[in-house]
Amino acid sequence: MIRQFTFNEVLLLLGALKWTLALSAIAFAGGAGMGLTIALARTAASRALRLLAAGYIQVFQGTPLLMQLFLVFFGATVIGLDVDPWTAASLGLTLNAGAFLGEIWRGCIQAVPKGQWEAAEALGLRYFGRMRWVILPQAMKIAIPPTVGYLVQLIKSTSLAAIIGFAELTRTGQLVNNATFRPFLVFSLVALLYFAMCWPLSLLSARLERRAAAPTR
Amino acid sequence: MHSAFSRRSLVAGGLFAAACLLATALPAVAQTVDAIKAKGKVTIGMLVDFPPFGITDTQGKPDGYDADVAKLLAKELGVPVEIVPVTGPNRIPYLQTNKVDLLVASLGITVERAKQVQFSDPYAAIQVGVLALGTSPIKAPADLSGKRVGIVRASTQDMAVTAAAPKDANLMRFDDDASAVQALLSGQVDAIGISNVVAQQIRAMAPQAGYEMKFVLSRQVQGIAMRQGQDELLTWVNGFVAKIRADGRLNTIHRKWLGSDLPDLSKP
């Protein structure tokens, strides 16, 4: 029952593309929120907060994303919740992104010179004021390349959501291949679509870096 | 690329084992036929990357021999059907965690699987063998010595070929049938372990190449799977399979998708 590869198959792939984009967007937004919290916790004065955040990061960086998605989806049933693949994939990727972004941003916060911290304190700024006006803006400048690099990686790792039955771009490519038996065509198209998603991000990163560096040129 | 697949599937295999452990911690939800009817729909899991039993149609919806059997089952039950696409590694976890009521997912009836799920009477049968070029000198399992053989990971072809092939045969495992077929067509493997139905499609795709089944390794019957301890449901499903075999509807579906009459469905 092999059918011909027609424009209809391209439409199927484009439909799956929007799911990949949606999943990446949600995971990045949620992960950014969590990541900022984790990064601030890692650089907090309280030792308990620092250890808690470090533990969270170690767990999610040290285990495969595939396993995390699997456990969120099938493990939720054990504690009595019934999650659908979309929710489980979003949650799993958010938790994972939170850990990686938290660690990246912690490094960027700590890369801001100590003199800035001291000057901010000397100006009478409290913790949130220090962070908001002095430290984080400088940390963000340093954070642009690794963050965008992680975002590109996140888009590609959404393909792992196929293990819990979420039909995103890579999985749909496999299904179309099984229906048409044209692997070179199908997977070249899938690779092209991933590139079309990731390359603009790299361009955006370069543009943001140029803008951030403008005052110092 | 080959080693990345194998690592990913080793993790998936480990997860499958973990999920089985998790599943034993779950209270088994014993479903009766009335419970399914009261729920208002029956969720059935099937593969969508195993042509012609499970494929996706032009809209990306599940289609194939298993889909037609599933729709017929729902019609007999008198409820609408929700077909859930599952994959080889996650189909049994989906069943064990109550995400689907039944599996019409080309599950070959094996002793190991019968320990985890209950099988109905067979509703399909395939032969597993080794396919190669007509000009290839392979005639028996011993001839696979030193050859590269492609198989689909964790399928019954995998089990059959691994058991029969000599130690120095180079077994290469792929994610799905399409990948294994592609490897054969592009000459990356000398032979593939494959079912007779997919072999038919390969011959239709490339008639001039002259592929032929060199030898048959085993015959496998496929059953509808459900959770353990559901005797009432099992009796109903067996009755359904017997009914559609007797009145010819199953044969019609078989001719539509496989182009031939129902083969011998007795358990080997």
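Proteins get letters first, then strands, A, B, ... in listed order; numbering begins at 1 in each. Atom set for the values below is all heavy atoms of this structure, side chains included, hydrogens, waters and symmetry mates excluded.
Chain B forms more heavy-atom pairs under 4.5 Å with one residue of Leu11(A), Leu12(A), Thr6(A), Thr172(A) than with any other, namely Leu12(A). Note: Val181(B) leads Val181(B), Val86(B), Leu258(B) in heavy-atom pairs under 4.5 Å with chain A.
Summarising the local packing, NZ of Lys39(B) is surrounded by more than 12 heavy atoms from other residues, nucleotides or ligands at distances under 6.0 Å. Crowding of Trp117(A) atom CH2: a count of heavy atoms from other residues, nucleotides or ligands under 6.0 Å exceeding 12. At most 12 non-hydrogen atoms from other residues, nucleotides or ligands lie less than 6.0 angstrom from CD of Gln4(A).
In this structure, CG in Asp68(B) is found 8.5 Å from CE in Met46(B), a value given to the nearest 0.5 Å.
Contact annotation for Leu175(A): both backbone and side-chain heavy atoms come within less than 4.5 Å of a heavy atom of chain B. With a 4.5 angstrom heavy-atom cutoff, Ile164(A) touches chain B only via backbone atoms.
Looking at Ser179(B), its side chain never comes within 3.5 Å of a backbone N or O of Asp175(B) through a donor-acceptor pair. Between the Arg148(B) side chain and the Met172(B) main chain, no donor and acceptor come within less than 3.5 Å of each other. In terms of modelled atom types and a separation under 3.5 Å, the side chain of Asp177(B) and the main chain of Phe50(B) share no donor-acceptor contact.
Of residues 180-187 of chain A, those residues with a non-hydrogen atom less than 4.5 Å from any non-hydrogen atom of chain B are, in numerical order, Phe181(A), Pro183(A), Phe184(A). Residues of residues 83-107 of chain A that come closer than 4.5 Å to chain B, counting heavy atoms only, are Val83(A), Pro85(A), ordered by residue number.
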